[in-house]
Amino acid sequence: MVDAEPLVRVRGAAKAFGGVQALRDASLELFAGEVHALLGENGAGKSTLLKVLAGVHRTDSGEVTIGGGPFEQGSTRRSREQGVAVIYQEPSLFPDLSLAENVFIGRQPVTGRGAVDWARMRRAAAVLFGQLGVDLDPDRPARGLSIADQQIVEIAKALSTDARVIVMDEPTAALSASESERLLDVARRLRDGGAAVVFVSHRLDEVFALCDRLTVMRDGATVHTCPVAGTDAGEVVRWMVGRELTDLFPKTETTPGDVVLRVRGLTTDGVFDDVSFDVRAGEIVAFAGLVGSGRSEVVRAVFGIDRYDSGSVEVLGSPLPPADPRAALARGVALVPEDRRQQGLFMPASIARNTAVVVLSRLARRGVVRERAERELAAHWAQRLQLRHGGLDQPVERLSGGNQQKVVLAKWLATDPRLLVVDEPTRGIDVGTKAEVHRLLSEQAGQGLAVLMVSSELPEVLGMADRVLVMREGRLMATLDRAEATQERVMLAATGQASVAGEGSAA
Amino acid sequence: MSRVLSWDRSVFVLLVVTVAVGAVIDPDFAGGSNLGFVLQDIGEIMLIALPMTFLIMTGEIDLSVASTAALAGCVLGWAWQASGSMAVAVLAAVGTGVVCGAVNGFLVTRLGLGSLAVTIGTLGLYRGLCYALLGDTTVADFPAGWTNLGFSSIPGTPLPYVTPLLVVLAVAFGVVLHLTRTGRWVFAVGQSVEAARFAGIPVARLKFRLFVVTGAVAGLAGIVYDLRFASARPDGALGFELAVIASVLFGGVSIFGGVGTMWGVVSAVLFLGSVRSLLQLQGVPGNALTIITGGLLLASVVIPVVAQRWSAFRERRSRVLAAATP
Amino acid sequence: MNGGLRRVLAGREAPVAGALLVVLAVTTAVNPRFLSDQGRFDLLVAIAITGLMAVGQTFVLVMRHVDLSVGSVLGLSAFMAGSAVRGDTGGSLLVALLVGIVVGVVAGLVNGALVAFLRLPALVVTLGTLYVFQGVQALLTGGTRINADQLPTSVVSFGVTGFLGVPWLMWVCLLAAALGGVFLRTRRSGRDLYAVGSNPPAAELVGIPVARRTLLAYMVSGACAGGAGVLFLARFGGVDSNAGIGYELPVVAACVVGGVNIFGGSGTVLGALLGAMLLKTMGVSLSALSVPEFWQQAINGLLLLVAITADRIVLLRRERSARVEAARHRREQVDAGPALPTDGADRAGHDGVTTTEVVR
């Protein structure tokens, strides 16, 4: 049921931020009644294009039309009025307001005298939730709602505005398998209702299961548009990267030494359950699993950021007190956190200050921190990690993502740890830096450092790890040696499915 | 605001200019007795502003400081009457400050309550305890040797006895903030509490201690206040909390934490004191001087924003012009 | 109806109202004169001024802002209103009210403009204007005061008379509370205030005119403080340059005790009014119970601490149970159903995406 005339047409759109050309030549055609996949590597320009449709950005040049007429850009409100709704990966609802009000905020049904008609609003919300096939109480506040349900509320909002174009920006990235399945169902219902649905995802199996057509972007330009039916994953990936993939993990072989970290029966109710594992000196152990499977939460608990309900953590044979990061540090444990900007760095502070913050007492003489020692330390690590910077006094907020990650690594390696825990070590950094980080980790392990890595990139896990621990729903499902760890086995354990990813996707 | 002319430097320049202008237009202003008067007048504010700078830098606030000072002042009077020993009374007063600060710190760091709400509550609580302790009476029989410390000057100088206390504490707090690990921690916590936790900084303990120190110094300020007026009154130091916070913010400390300098704050307190004194000498009514405090406080937040927008506007315009003329 | 009743009982107002009733009952039992006609009248007069300001403050607090300048606005408005009707006779009560409210609205515009358009922190802005307005008032009065004999009788008698046994001042307060309450509960623009306070960036995103709403909230807070200035003038039959000094924090305290979240997003005018009533009643009842009145401040402070602690505990409990519930739900779903096969990369797309993960 694809119409002849596209509902939305983007042609030759360009957009620059400062010196960065985010979009060069982006084109996109959306038809009513289709689910359209928008694909591309990080930085390919998908988000910028979506934000143009959302009314957040305005193109510098190019043409955008909706329903045959010009699309008015640059206002989120006008975008909505023109029938475009965007569902973000992590929607931001109003936690204090009821779900019904979240759906209708600013457009609440009113009585003849202009008062909000609470009963009618509640009923309308219930009808919308019913249409989407979900069971949510319109009266409950949004606080504490799961991300999946928050997205449903956003979609209900889109329905209530009679949105013709519904953009879903990586909606399933943070969802469990069954939640994803429910979302795909909802997307199909929207399509069958005549909407044009834009679906951004990095899970190609979902794309093949759900979408009718796809558009691939690379370096700010559209490189290919075609029906999903006539293509396959390998071809799509080649369009995305423009090159064949090579394996580039410089893993040095090591003989594991003594047990550095021993975790037994670690449990936090509702988060993770009875997790036990060891990490030896010179060994890289990787946590694999879906998001929400509890990997980050386990390493946070090990390091002492969060409390745990029961279980034990031992470092080098003696127990580590719970919820005490300082004790962990003193015992040679370092944690490179998941969220670089929020958890890893003090953004307004300089490279030198960031590098030195954990080892200040070592740099102090009679309580006074010696600035020279601080700078020497930073200079040492900047050189060691080939940090590209404009002086050690430069605030880290002005560095690129890859260089910021190097500062975080420098900060933790400066503590001279016995155990390095790295949570998503290469998320959002460029390919070159990625390889540098991998080489560094490998090198450090070769020198006897115990490394515990959480990663969502399967090739990274398989390429780097001596052992792979697979988590699912807060439980440790499998421990695989390097030899036995394959994509299939890891995914099998991570999803608990009998089918291997990729095979069932056409069904 | 260029980086060279940062806000704290601007305040220091303003202070110098004010003193210079004042000395030219009014010979009384630069006179020794007036200098002494200014120092005495700002004594308590300056004292409390020192630890308050730390607290605001970490993103917290303490509105109960004036009540804490008053309660410590009342305890001083009460303990003096009860024990007949000023040493005991002073210890009791400072101890009171410590306890008040610890209560705030406990509620904020252990129970996780917002410091604004908590200290509005303890502001009332501590002030109420002042009345509970002394009723509507005042204690005015402190020994003369002690009250002389409060309002006479160090022999041979025009400086009040509080001066060395101010200098020593200001230097000490400045050194801790800018040169020590604790100071680095304070900046770090203000810039990102979460990153601070991941860096192993004991955030809760640090904040708790800052509340305790703030209470202790407020207690000290309560003693200074009592001695200056030679009496302990339940309504002492009324409204000082806002004056202290205004000074700290005017000194360039960000209300969101993570930004500020100790000498900016010290300059701000001295500057506000000088301006008030200068205007008073010019016959401007005392209550109207609050316009200066408020106006400067507003200026300290308005000017950077306006300057930033102006420079962004100019940059945009020059880019447009550059694009128009290839 | 049932849902409505449930909402009332589960709401934050019920415990405050309950506490208020307990205080009233206990005090009356011990001292029957407490709620005599005169006693009741005095109590309501005492509540009216703080109550009116708390109504206005609620508008600002639910937006995650604060207005510390209300005490100074009260003083300024009382003086301006008093000056406007000084020496006049007849019908000038309305003039006083009009002048007072206009002064308040203008002050609110100043605060609101600085917060809304320059996006300055509300605490700093209103602390600054607290001093500025106070200074303006001092400059205008020049140390003089306005006495009852200079004021028209309509103004003075407004402060000491009532209607149906309720003082006029309280009627003003109740009228403002009713209007404010209905606005916040039933108007779309009123609901916007909660949305902004609950999640400011999201409010921008859904197209709520945040700056205009902020301006509105500060104008309402200013208008209430301005009106309270006239009530002050009427109640005390005059004004001097100390009027209103130190009123700001008790007003915020009344709101917080009444369940208005100081971090925005929740709270009602009714709650704020009940909070003001509870705090004031507590004070008056102490003297009726022959407890020295100076315990009042201490007990008010304590009440505030109890209120926020209780709120915090309830919130923590809810979040914990929601977390456990969500985990249980998720597990059930997983065990239940044929789910879509997914590849091992989970949040990969978040920012570091990878093409590698899709190769198999």
Side-chain angles (χ1 to χ4, degrees), chain A residues 16 18-19 60 299-300 303-306 323-331 333-350 352-371 374 393 395-397 407-408 411-412 414-415 421 423, chain B residues 1 3-4 6-7 57-59 109-110 112 171-206 208-209 252-254 256-262 304 308 312 315-316 318-320 322-324:
Chain A
D60 298 332
V299 297
R300 284 169 63 112
F303 186 65
I305 297 293
D306 301 332
D324 187 355
R326 291 193 68 66
L329 271 168
R331 303 282 292 285
V333 183
L335 171 65
V336 175
E338 181 182 14
D339 184 336
R340 183 165 59 238
R341 300 174 63 85
Q342 298 289 326
Q343 303 166 339
L345 293 170
F346 303 98
M347 298 304 280
S350 69
R353 291 272 175 116
N354 270 288
T355 310
V357 70
V358 195
V359 293
L360 285 169
S361 29
R362 215 175 70 201
L363 303 177
R365 186 183 291 153
R366 265 174 270 134
V368 173
V369 176
R370 290 172 301 151
E371 297 233 359
E374 190 177 62
D393 290 330
V396 293
E397 61 198 353
V407 175
V408 182
K411 161 171 137 180
W412 288 108
T415 64
V421 185
D423 198 348
Chain B
M1 290 272 105
R3 289 179 66 81
V4 184
S6 60
W7 185 260
M57 292 274 286
T58 60
T109 64
R110 298 285 150 210
V171 170
F173 275 90
V175 165
V176 171
L177 183 61
H178 293 294
L179 299 180
T180 68
R181 188 180 69 165
T182 305
R184 295 288 162 87
W185 282 357
V186 167
F187 277 92
V189 169
Q191 282 160 358
S192 168
V193 173
E194 210 183 346
R197 288 182 61 220
F198 277 88
I201 297 173
V203 177
R205 201 165 67 204
L206 178 71
F208 179 80
R209 288 183 183 170
V253 175
S254 162
F256 303 116
V259 178
T261 62
M262 193 50 84
Q308 194 193 349
E315 196 178 305
R316 210 166 44 235
S318 66
R319 242 202 341 263
V320 170

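A, B, ... follow the sequence lines: proteins, then strands. Residue 1 opens every chain.
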Subject >> Inter-residue atom distance A:Met347.CE - A:Arg341.CZ, 0.5 Å rounding >> reply: 3.5 Å
**OP:** Look at atom CZ of A:Arg326 and say whether more than 12 heavy atoms of other residues, nucleotides or ligands are closer to it than 6.0 Å.
**Re:** yes
Original post:
Is it true that a side-chain atom of A:Lys411 and a backbone atom of A:Gly344 form a donor plus acceptor pair closer than 3.5 Å?
Top reply: yes
Original post:
Relative to chain B, which of A:Pro325, A:Pro337, A:Ala330 shows the most heavy atom pairs under 4.5 Å?
Top reply: A:Pro337
Original post:
Can you name the one residue among B:Val186, B:Thr261, B:Thr182 that meets side chain to side chain contact (heavy atoms under 4.5 Å, CB included) with B:Leu177?
Top reply: B:Val186
Original post:
What residues of residues 364-371 of chain A sit under 4.5 Å from chain B when you count only heavy atoms?
Top reply: A:Gly367, A:Val368, A:Val369, A:Glu371
**OP:** Please name all residues satisfying ring pair (Phe, Tyr, Trp, His ring centres under 6.0 Å) with B:Phe208, sequence neighbours left out, ordered by chain then number.
**Re:** none
Original post:
What distance separates B:Phe187 CZ from B:His178 NE2, expressed to the nearest 0.5 Å?
Top reply: 5.0 Å
Subject >> CD1 on B:Ile201 to CG on A:Leu360, rounded to 0.5 Å >> reply: 7.5 Å
**OP:** Pick one of side chain, backbone, both or neither for A:Leu329, based on which atoms fall under 4.5 Å of a heavy atom in chain B.
**Re:** side chain
Subject >> For chain B, the option from A:Phe346, A:Trp412, A:Phe303 that forms the most heavy-atom pairs under 4.5 Å >> reply: A:Phe346
Original post:
By a 4.5 Å heavy-atom criterion (distance strictly below it), what part of A:Arg300 contacts chain B: side chain, backbone, both, or neither?
Top reply: side chain
**OP:** Without swapping roles, check the side chain of A:Asp423 against the backbone of A:Leu335 for a donor-acceptor pair under 3.5 Å.
**Re:** no
